[in-house]
Amino acid sequence: EVQFVESGGGLVQAGGSLRLSCAVTGFVWGDYAIGWFRQAPGKDREGVSCLLNSGDADYIDSVKGRFTISSDSAKSMMYLQMNNLQPEDTARYYCGACRVVVTRTTRIDSIPLGSWGQGTQVIVSS
């Protein structure tokens, strides 16, 4: 079974940076695109970024230019570098399989694969 374990969250002031990590097990790299999702209190979980098998990455508009997704398949790890964090980025962040839907804007949907991990909490103070 595919498992995702997230880490690296914390409390940071607006304008600060964090680097999230995701350890993936039971997964054959290349079978699915994987990415990052987040859920703020009282809101639905939303896709943030998706790393395609081609190596290209997609982001939702609100994080473009601030977040960078990457992976190290040899270590079975995925990362999310988050710069210039804003209070609206406050959420619990999760990693999982993803797909990109492009309409007027980019939307990142989750693909059911394994189960959601515990996530890692990011709190950005103003």
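This structure is a prediction, so every number in the text was calculated from the model and none was measured. Positions are given from 1, in the same order as the sequence printed here.
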V100/L52 under side chain to side chain contact (heavy atoms under 4.5 Å, CB included): CA gap, chis, key distance, verdict: CA-CA 9 Å; V100 179; L52 307 178; 4.0 Å; yes
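- Atom CG in D109 sits 12.5 Å away from atom CZ in R45 (nearest 0.5 Å).
- Side-chain atoms of T90 come within 3.5 Å of backbone N or O of V124 as a donor-acceptor pair.
- One N or O on the side chain of Y59 and one on the backbone of I69 form a donor-acceptor pair closer than 3.5 Å.
- In this structure, the side chain of S71 does not engage the main chain of S73 through any donor-acceptor pair within 3.5 Å.
- At least one donor-acceptor pair under 3.5 Å links the side chain of Q86 to the backbone N or O of N84.
- R92 places a side-chain N or O within donor-acceptor distance of the main-chain N or O of G119, the cut-off being under 3.5 Å.
- For the 3.5 Å distance criterion, the side chains of S17 and N83 qualify, holding a donor opposite an acceptor.
- In terms of heavy-atom proximity, A97 sits nearest to Y32 at CB-CB, 4.3 Å.
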Side chain to side chain contact (heavy atoms under 4.5 Å, CB included) between K64 and T106: does it pass, once the steps are laid out? CA-CA 11 Å; K64 280 181 182 176; T106 297; 4.2 Å; yes
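- Checking Y93, F4, W116 one by one against F37, the ring pair (Phe, Tyr, Trp, His ring centres under 6.0 Å) holds for a single residue, W116.
- Of all non-hydrogen atoms in L51 and A33, the two that sit nearest each other are O-CB, 3.4 Å.
- S49 places a side-chain N or O within donor-acceptor distance of the main-chain N or O of D58, the cut-off being under 3.5 Å.
- Taking each heavy atom of W36 and L80 in turn, the nearest pair found is NE1-CB, 3.5 Å.
- Heavy atoms only, all atoms of each residue included: S126 and A14 are closest at CA-CB, 4.3 Å.
- Side-chain heavy atoms closer than 4.5 Å link hydrophobic residues (I, L, V, M, F, W, Y) into clusters, and following such links, possibly through other members, connects I111 to W29.
- The closest side-chain heavy-atom distance from R38 to T120 is not below 4.5 Å.
- Between V2 and V24, the shortest heavy-atom distance links the atoms CG1-CG1, 4.3 Å.
- Looking at every heavy atom in both residues, M78 comes nearest to C95 through CE-CB, 3.4 Å.
- Remark: Q118 CD is loosely packed, at most 12 non-hydrogen atoms of other residues, nucleotides or ligands lying under 6.0 Å away.
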Are D89 and F67 close enough, and set up right, to give a side chain to side chain contact (heavy atoms under 4.5 Å, CB included), and what steps lead you there? CA-CA 11 Å; D89 296 316; F67 290 11; 3.9 Å; yes
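- V122 and Y79 are members of different hydrophobic clusters when ILVMFWY side chains are connected at heavy-atom separations under 4.5 Å.
- One hydrophobic cluster, built from ILVMFWY side chains closer than 4.5 Å, cannot hold both V48 and I123; they sit in different ones.
- Between I60 atom CD1 and C50 atom SG the span is 12.0 Å, to the nearest 0.5 Å.
- No side-chain donor-acceptor contact under 3.5 Å links D72 to the backbone of M77.
- Separating the CZ atom in R104 from the CG atom in D61 is a distance of 13.0 Å, to the nearest 0.5 Å.
- No side-chain donor-acceptor contact under 3.5 Å links Q39 to the backbone of A91.
- Separation of atoms CD (E6) and OG (S21) is listed at 10.5 Å; rounding is to 0.5 Å.
- In this structure, the side chains of V63 and M82 stay at 4.5 Å or more apart for every pair of heavy atoms.
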